Amino acid sequence: MLFQRDLSALTHISSSSAQTEAIPPVASRNDATLGIVSLVAGIAVFSAQDVIIKLLSDTYPVHQAMTIRSLVALPLLLALVAVTGGVSTLVSKSAPLLAARGAIMFVSYTSYYLAFAALPLATCVAIFFVAPLFITILSAFFLRESVDAPRWVAVLMGFLGVLVIIRPGTVVFDAATLLPVLAALTYAVSQTLARKLGETNSAAVMTFYGNGVYLLAGIVLAMAFGGSGSTEGMHKSLSFLMRSWSDPSVRDLLLMAACGVIAAVGLTLLSQAYRSTRASTVAPFEYVAILLSIAYGWFIWGEWPDFIAWAGIAIVISSGLYVMARERGGQAS
């Protein structure tokens, strides 16, 4: 799911987000139906990537899947850059900051994927949706954006929902539940940087730089853990990180390569979504990702959230939707 957020998070998390994206003509932004359908389709595509990564997590290392995905995505994203602004836009004065943001995104996505190996898919996705709340906090302190008291309450409630899901101090607590929290925090930092970078760089350029960093980092990890011994007996997330590269079957190689295609197709769908109508109209539909993860988890792995987890998920979704509603109201006033 995460690779898609490079574009969409630029547009809908805070009261100034609709101002930081490149604003297309008004005529292209008034089709709410097209926007919603495009967004839900994009979320569905990226949810399939989450399933693929989780399926591969018992056999291959995370860096192998990321490297192959990034290799496949590279020419596709280059074509997207060429179509949206021209290859020359890759030559940016912000290149060092773009690369730094890519490194932060790499930490975010790697943390998120590592959690898949040990946790139910729905748990990972639901916890990660605390990211908009982190972005609200960072926007207030570093971008000096105004956040009213009701939104602060919603942020606190969202974190309470995450605690309900994680249940620290209980027998069901798994340290891997902290990985999606780390993923959400680093993702929020990267998207806060994107607010400034988005003033002079397109979403496609930022995503291309990020993909380049993922590719290089994946290769570095492959070299670092290439001589690792057996990971048997390790925590599943740690094993997913430190496992040595292995020759994939044709089926698994195609699954890894499919993630690269998913990255390009999903980004295009989300681009269409946020260019078809107002971000505040389509953004709430991103929570479809949680419902899809629950469905996939139940159908493929027999996972089903218990009552407490459902309560936490409901709190996280409600707080996020409330923050969006307050921001939408603030923009309309």
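Note that the coordinates shown come from a computational prediction; the quantities given were computed from them, not determined experimentally.
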**Study point:** Side chain to side chain, Phe129 and Ile313, heavy atoms closer than 4.5 Å
**Key:** no

Point to revise | Asp50 versus Tyr112, side-chain donor and acceptor atoms under 3.5 Å | key: yes

Exercise for review: Indicate, with yes or no, if the rings of Phe116 and Phe240 have centres closer together than 6.0 Å.
Suggested key: no

Practice item. For residues Leu138 and Val189, report the shortest heavy-atom separation together with the two atoms involved. Key: CD1-N, 3.6 Å

Practice item. Kindly indicate whether the side chain of Arg69, heavy atoms from C-beta on, has any atom under 4.5 Å from the side chain of Gln49. Key: yes

Point to revise | Considering all heavy atoms, the nearest Arg151-Ser146 contact | key: NH2-O, 3.8 Å

Check your understanding: Going by heavy atoms in the side chains, are His63 and Met223 under 4.5 Å from each other?
Key -> no

Practice item. Mind running side chain to side chain contact (heavy atoms under 4.5 Å, CB included) on Thr192 and Phe141 for me, showing each step along the way? Key: CA-CA 11 Å; Thr192 302; Phe141 285 99; over 6 Å; no

Review point. Where the side chain of Arg101 meets the backbone of Ser190, is there a donor-acceptor pair that is under 3.5 Å apart?
Key: yes

**Study point:** Same cluster (ILVMFWY, side-chain, under 4.5 Å), Phe159 and Leu163
**Key:** no

Review point. Under a 4.5 Å side-chain heavy-atom rule over Ile, Leu, Val, Met, Phe, Trp and Tyr, are Ile165 and Ile308 clustered together?
Key: no

Point to revise | For Tyr60, all residues meeting side-chain hydrogen bond (donor to acceptor under 3.5 Å, both in side chains), sequence neighbours excluded | key: Asp252

Review point. Between Gln64 and Pro248, what is the shortest heavy-atom contact and its length?
Key: NE2-CD, 3.6 Å

Study note, to complete from the structure: Of all heavy-atom pairs linking Gly158 and Leu133, the shortest is CA-CD1, 3.4 Å

Point to revise | Side-chain touch Thr123/Ile127, heavy atoms, less than 4.5 angstrom | key: yes

Review point. Can Phe134 be reached from Met157 by stepping across I, L, V, M, F, W or Y side chains whose heavy atoms are under 4.5 Å apart?
Key: no

Practice item. Just jot down the side-chain contact (heavy atoms from CB on, under 4.5 Å) partners of Leu178, sequence neighbours excluded, or say none. Key: Phe173

Practice item. Give a yes or no on whether the backbone of Ala183 and the side-chain of Ser111 come within a donor-acceptor separation of less than 3.5 Å. Key: no

Point to revise | Check: Ile294 and Pro305 side chains under 4.5 Å, non-hydrogen atoms | key: yes

Check your understanding: Would you say the side chain of Thr186 lies within less than 4.5 Å of the side chain of Met105, judging by non-hydrogen atoms?
Key -> no

**Study point:** Worked check of side chain to side chain contact (heavy atoms under 4.5 Å, CB included) between Leu121 and Glu303
**Key:** CA-CA 8 Å; Leu121 190 62; Glu303 302 167 348; 4.1 Å; yes

Practice item. Answer whether the closest heavy-atom distance between the side chains of Ser38 and Leu34 falls below 4.5 Å. Key: yes

Practice item. Decide whether Leu55 and Ile262 are clustered together by the hydrophobic rule: side chain heavy atoms of Ile, Leu, Val, Met, Phe, Trp, Tyr closer than 4.5 Å, transitively. Key: yes

Exercise for review: Take Ile166 and Val181, measure what side chain to side chain contact (heavy atoms under 4.5 Å, CB included) needs, and give me the verdict at the end.
Suggested key: CA-CA 10 Å; Ile166 293 176; Val181 178; 3.9 Å; yes

Practice item. Evaluate ring-ring contact (aromatic ring centres under 6.0 Å, His included) for Tyr214 paired with Tyr209, printing each intermediate quantity in order. Key: CA-CA 9 Å; Tyr214 308 153; Tyr209 269 85; over 10 Å; no

Side-chain donor-acceptor pairs of residues 76-89 under 3.5 Å, sequence neighbours excluded:
unit_1	atom_1	unit_2	atom_2	d
Thr84	OG1	Leu80	O	2.8
Thr84	OG1	Val81	O	3.4
Thr89	OG1	Gly86	O	2.6

**Study point:** Geometric class of the Trp304/Trp298 ring pair [parallel <30°, tilted 30-60°, perpendicular >60°]
**Key:** perpendicular

Practice item. Report yes if some heavy atom in the side chain of Ser47 is under 4.5 Å from a heavy atom in the side chain of Tyr296; otherwise report no. Key: yes

Review point. Is it true that Arg167 and Asp174 have a side-chain N and a carboxylate O under 4.0 angstrom from each other?
Key: no

Review point. Are Val45 and Val288 joined in one hydrophobic group, where the rule is that I, L, V, M, F, W and Y side chains link up if heavy atoms are under 4.5 Å apart?
Key: yes

